[in-house]
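Data block below; observations after.
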Number of protein chains: 2
Amino acid sequence: MSNTSSLSIETPGRERLRRRGDARRLEILRAAGRIFRQRGYAQAGMRDIAAAAEISSGNLYHYFRGKHEILYFCQDRTLDTMLQALASTRSSGGSALERLRQVLTAHVFTILDDVEGTAAHLEVDALPADLRTTIICKRDRYESGLRRLIGEVIHEERLPQRDPRIITRAMLGALNWTVRWYRPQGPASVKMVARELTDFLMGGLTASGDGGAAGAPGSQGGRT
Amino acid sequence: MSNTSSLSIETPGRERLRRRGDARRLEILRAAGRIFRQRGYAQAGMRDIAAAAEISSGNLYHYFRGKHEILYFCQDRTLDTMLQALASTRSSGGSALERLRQVLTAHVFTILDDVEGTAAHLEVDALPADLRTTIICKRDRYESGLRRLIGEVIHEERLPQRDPRIITRAMLGALNWTVRWYRPQGPASVKMVARELTDFLMGGLTASGDGGAAGAPGSQGGRT
DNA sequence: TGGAATATTGAACAGCGGTTCAAATGTCGA
DNA sequence: TCGACATTTGAACCGCTGTTCAATATTCCA
């Protein structure tokens, strides 16, 4: 966080200033996160972000090198939250099934929460190469942690072997997709959505291990 | 498709010309679809699309009113394919479970197929208002068709009641998310991905109807 | 209080990218 | 072959948007 080159001795005053700067920096990130979720990175203008943060557009550049960096820190913050949730369940001592449920629920909240929620971590492609590799690395850490957890569930519950990579991504897809359709004004609360989603992802639609008749491997309809 | 104002009588020659124009129009849409999937709508430039379609940038405007319209037709085509798949299973006479499996598989192919696949239908927000409403309407028709099918499955198989709207969107999320991670050069073929995904979505992770201990409604870790 | 460092502003800049356009070329029926 | 119409081109246009900058205001320590 502290990016100030520590050449000068930090007097108490300086310290307070820096703190105030960091606070403002966080406000900006929150505002940017909101705008990004509303319009997407490409559509969000610096002037929009500035307005949402209630400062002038030029002033943004006093806290960040540019739009890229704002996006970068948004993503970084979100991923940190998710990694933290992953880590905290690891020490919770529950069964793998319970821990997975906790992680999935936390994921929904991290994305959708109206105050702190961000979906910026979905726009990786918008980052320049150097920043992108850092983020992708962190994202992969989260994904592989989740994958390992899913692997544990499969092992503990003696479920039929499946490719955990694809299952992980299926879950991430279902979770991340919520930003595309969830609206706070809508009928469902974040809590309800998280509940229903995890229920579905954990339990699945059918009671049998294999989803019914393995129908029609041959192509049918449209252009399969 | 035929947008030519039908004031003039169509001579056989005109007809052939129009057909040739339509063929080119389709080539452009295919090329645009590829570019959109690679870079996303915002990052895709008209000059890129033109290059991919092997024509000059200015010439694009002889076939489409602008970038918006290209996206529009891409989305329209994709949705038509999906609606067709939905309709064709309806008359296939299989059980609801089988039909759902078919639709999910077809969905993956429609998105990921290397020749015809498009993911443009995910970028609804980029459209201007008038075009957007048309597309959203069609997309909703697909979604509600899928939702109905899922409802039938729940009813036929006597599964525990859940909110079909959220389940539908969970499935759509898992399916549509594939564009974010699937790479043709990667280890898995489209067929394998479709198979694993539908297996997961149909059968679910666990054998029991309710995914294990309903762990910890209380908040834990991170900022839930 | 004075002065140095920090914050803040809004106008100006720059270039990227969608679009337009006049001109050249190709196509087809008569 | 001629004329009408479709097709194609590439340069020029222009508005939008990220960014810069010089000037002004604010903050805080001595």
Side-chain angles (χ1 to χ4, degrees), chain A residues 2-28 31-32 35-36 39-72 123 126-128 131, chain B residues 2-28 31-32 35-36 39-72 123 126-128 131:
Chain A
S2 76
N3 235 353
T4 52
S5 57
S6 50
L7 285 174
S8 56
I9 307 129
E10 292 236 347
T11 76
R14 283 255 170 77
E15 167 67 6
R16 194 151 75 237
L17 258 187
R18 197 183 60 75
R19 242 192 261 262
R20 218 181 45 133
D22 280 1
R24 176 58 64 93
R25 204 168 269 139
L26 238 130
E27 281 178 40
I28 296 174
I35 302 288
F36 286 157
R39 317 186 193 180
Y41 178 76
Q43 300 300 321
M46 288 301 263
R47 289 159 183 84
D48 301 328
I49 298 174
E54 291 179 322
I55 61 176
S56 75
S57 63
N59 199 11
L60 283 177
Y61 291 83
H62 213 259
Y63 295 94
F64 299 97
R65 257 197 258 282
K67 197 183 175 187
H68 292 323
E69 209 182 79
I70 295 183
L71 179 61
Y72 171 81
E123 309 235 25
L127 287 174
L131 296 178
Chain B
S2 75
N3 234 354
T4 53
S5 59
S6 51
L7 284 176
S8 55
I9 307 127
E10 290 236 348
T11 74
R14 282 253 171 77
E15 168 66 6
R16 193 151 76 237
L17 259 186
R18 196 182 59 76
R19 243 192 260 260
R20 218 178 47 130
D22 280 0
R24 176 58 64 94
R25 205 167 269 140
L26 238 132
E27 280 178 40
I28 296 175
I35 302 289
F36 286 157
R39 318 188 191 178
Y41 177 76
Q43 301 299 323
M46 287 301 263
R47 290 161 181 83
D48 301 327
I49 298 173
E54 293 179 322
I55 60 176
S56 75
S57 63
N59 198 13
L60 283 176
Y61 291 81
H62 211 259
Y63 295 95
F64 299 98
R65 259 197 258 280
K67 198 182 175 188
H68 291 324
E69 210 182 76
I70 295 182
L71 178 63
Y72 171 81
E123 310 237 25
L127 287 175
L131 296 178

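Residue numbers begin at 1 in each chain, while the letters A, B, ... track the order of the sequences. If you're wondering where the values come from, they're calculated on a predicted model, not measured in any experiment. Values below: all heavy atoms of this structure, side chains included; hydrogens, waters and symmetry mates excluded.
- The CZ-P distance, from B/Arg65 to C/dT20, rounds to 11 Å in whole Å.
- If you take OH of A/Tyr61 and C1' of C/dA12, they are 14 Å apart, rounded to a whole angstrom.
- In this model, the phosphate group of D/dT8 is approached by a side-chain N or O of B/Tyr63 to a distance below 4.0 Å at OP1 or OP2.
- In terms of position on DNA chain D, the residue among A/Ala42 and B/Leu60 whose nearest nucleotide sits closer to the 5' end is B/Leu60.
- Contact of the A/Ile70 side chain with the A/Met46 side chain is registered, since non-hydrogen atoms from C-beta on lie closer than 4.5 Å.
- Between A/Asn59 and C/dT9 there is a side-chain N or O to OP1 or OP2 distance below 4.0 Å.
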Next item on the list: Take A/Glu123 and A/Phe36 through the test side chain to side chain contact (heavy atoms under 4.5 Å, CB included) and record every step on the way to the result.
Entry: CA-CA 9 Å; A/Glu123 309 235 25; A/Phe36 286 157; 5.5 Å; no
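- Atom CZ of B/Arg25 is separated from atom C1' of D/dA6 by 12 Å (rounded to the nearest Å).
- Listed by chain and residue number, nothing satisfies the side chain to side chain donor-acceptor pair (under 3.5 Å) test with B/His62 (two or more places apart in sequence, or in another chain).
- Rounded to whole Å, atom P of C/dT20 lies 12 Å from atom CD of B/Glu69.
- Partners of A/Phe64 according to the ring pair (Phe, Tyr, Trp, His ring centres under 6.0 Å) rule, which considers only residues two or more places apart in sequence or in another chain, are A/Phe73.
- Rounded to an integer number of Å, the gap from CZ of A/Phe64 to P of D/dT20 is 15 Å.
- Scanning for side chain to side chain contact (heavy atoms under 4.5 Å, CB included) contacts around A/Ala53 gives A/Ile28, A/Ala31, A/Ile55, with sequence neighbours left out.
- Legend: residues meeting side chain to side chain donor-acceptor pair (under 3.5 Å) with A/Arg47, ordered by chain and number and at least two apart, are absent.
- B/Gly58 comes within contact range of at least one nucleobase, with a heavy-atom separation under 4.0 Å.
- Residues from residues 46-54 of chain B placing a heavy atom under 4.0 Å of any atom in DNA chain C, listed by number, are B/Met46, B/Arg47.
- Counting only distance, with no hydrogens or angles, the side chain of B/Glu69 and the backbone of B/Arg65 share a donor-acceptor pair below 3.5 Å.
- Side chain of B/Ser56, nearest nucleotide from C/dG18, D/dT9, D/dT20: D/dT9.
- Separating the NZ atom of B/Lys67 from the P atom of C/dC16 is a distance of 15 Å, rounded to the nearest angstrom.
- Phosphate proximity of C/dT8 to A/His62: absent, as no side-chain N or O sits under 4.0 Å from OP1 or OP2.
- Here the P atom of nucleotide D/dT26 and the CD1 atom of A/Ile55 are 16 Å apart, to the nearest Å.
- Rounded to whole angstrom, the span from the CG atom of B/Leu71 across to the C1' atom of C/dG17 amounts to 16 Å.
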